[in-house]
Trainee: 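Encoded as structure tokens, here's the structure I'll be asking about.
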Amino acid sequence: MPRISRHRDKCKTGHGCDRTAPVLCSQFTVFANGKSILVKGNRVAPHVRPNPAYPPKPPKCIPHKASLTGSSKTVFVKGIGVGRRGDKADFGAMIGASPNVFAG
């Protein structure tokens, strides 16, 4: 069973420039290990990805927005699936999670 992901746990972005970034929680009522639990739709912190027009158009990396798009189908916070290690985020997946709280 995957471990629960929490506020500021990191995801692999799935692209160059910033290869990892923290995910920011939108709810602050349900916690694991003293940190708010992530839910589907939470935003990945601002980060940069490779610019598809580079070269010739600089810069090499450009700002990029993303979110947690995967979640549990059976465990919810306020009716929204909780985020877990391995759930999709940006073009990668969550890598940060609680050491001892799990959700199916």
Side-chain angles (χ1 to χ4, degrees):
M1 202 175 325
R3 296 183 289 154
I4 293 276
S5 293
R6 304 147 310 153
H7 182 61
R8 301 203 61 81
D9 280 342
K10 289 190 176 183
C11 72
K12 285 188 178 180
T13 62
H15 48 71
C17 297
D18 288 337
R19 295 186 184 279
T20 65
V23 180
L24 308 175
C25 199
S26 63
Q27 67 82 27
F28 297 95
T29 57
V30 182
F31 302 87
N33 311 109
K35 294 182 177 182
S36 299
I37 295 173
L38 295 177
V39 295
K40 186 175 183 175
N42 284 165
R43 295 276 181 204
V44 176
H47 62 286
V48 294
R49 68 171 176 86
N51 180 357
Y54 180 84
K57 293 185 178 184
K60 183 178 180 181
C61 298
I62 57 174
H64 172 65
K65 294 181 180 179
S67 63
L68 176 65
T69 57
S71 69
S72 172
K73 306 277 190 259
T74 58
V75 180
F76 304 90
V77 169
K78 295 185 175 183
I80 305 169
V82 299
R84 306 157 303 166
R85 182 179 167 99
D87 284 336
K88 291 185 182 252
D90 201 349
F91 291 105
M94 291 302 304
I95 55 173
S98 166
N100 59 359
V101 180
F102 304 84

Trainee: Once ring pair (Phe, Tyr, Trp, His ring centres under 6.0 Å) is applied, do any residues pair with H47, and if so which ones, sequence neighbours excluded?
Mentor: H15, H64

Trainee: Should we say atom CZ of F91 is surrounded by more than 12 heavy atoms from elsewhere, each under 6.0 Å from it?
Mentor: no

Trainee: Give a yes or no on whether K35 atom NZ has more than 12 heavy-atom contacts from other residues, nucleotides or ligands under 6.0 Å away.
Mentor: yes

Trainee: Could you state whether V30 and I4 fall into the same hydrophobic cluster, counting links through intermediate Ile, Leu, Val, Met, Phe, Trp or Tyr residues with side-chain heavy atoms under 4.5 angstrom apart?
Mentor: yes

Trainee: Throw together a table of side-chain donor-acceptor distances under 3.5 angstrom for residues 54-62, partners on residues two or more places apart or in other chains.
Mentor:
none

Trainee: Does G96 offer a backbone N or O that forms a donor-acceptor pair with the side chain of S5 under 3.5 Å?
Mentor: yes

Trainee: Which heavy atom of C25 sits nearest a heavy atom of S36, and at what distance?
Mentor: SG-CB, 3.4 Å

Trainee: Looking at CG of L38 and CD1 of I80, how far apart are the two atoms once the value is rounded to the nearest 0.5 Å?
Mentor: 11.5 Å

Trainee: Just by distance, no angles: are the side chains of N42 and S26 close enough, under 3.5 Å, to form a donor-acceptor pair?
Mentor: yes

Trainee: Nearest 0.5 Å please: distance from the CE atom of M94 over to the NZ atom of K10.
Mentor: 11.0 Å

Trainee: Give the minimum heavy-atom separation between R3 and P99, together with the two atoms involved.
Mentor: NH1-CA, 3.8 Å

Trainee: Check for me, please, whether F76 and V82 land in the same ILVMFWY cluster - side-chain distances under 4.5 Å, paths through other members count.
Mentor: no

Trainee: So, do R49 and D90 sit near enough that their side-chain heavy atoms are less than 4.5 Å apart?
Mentor: no

Trainee: Please report the closest heavy-atom contact between P2 and R85, naming both atoms and the distance.
Mentor: CB-O, 3.7 Å

Trainee: If only side-chain N and O atoms count, and only distance matters, is there a donor-acceptor pair under 3.5 Å linking S98 with N33?
Mentor: yes

Trainee: Look up atom NZ in K88 and atom OG in S67, then write down how far apart they are to the nearest 0.5 Å.
Mentor: 12.5 Å

Trainee: Of the options D87, V44, L24, V39, which is the one that meets L68 in a side-chain contact (heavy atoms from CB on, under 4.5 Å)?
Mentor: D87

Trainee: Tell me whether R6 contacts the main-chain N or O of F31 through its side chain, where contact means a donor paired with an acceptor under 3.5 Å.
Mentor: no

Trainee: To the nearest 0.5 Å, how far apart are CD in Q27 and NE2 in H7?
Mentor: 10.5 Å

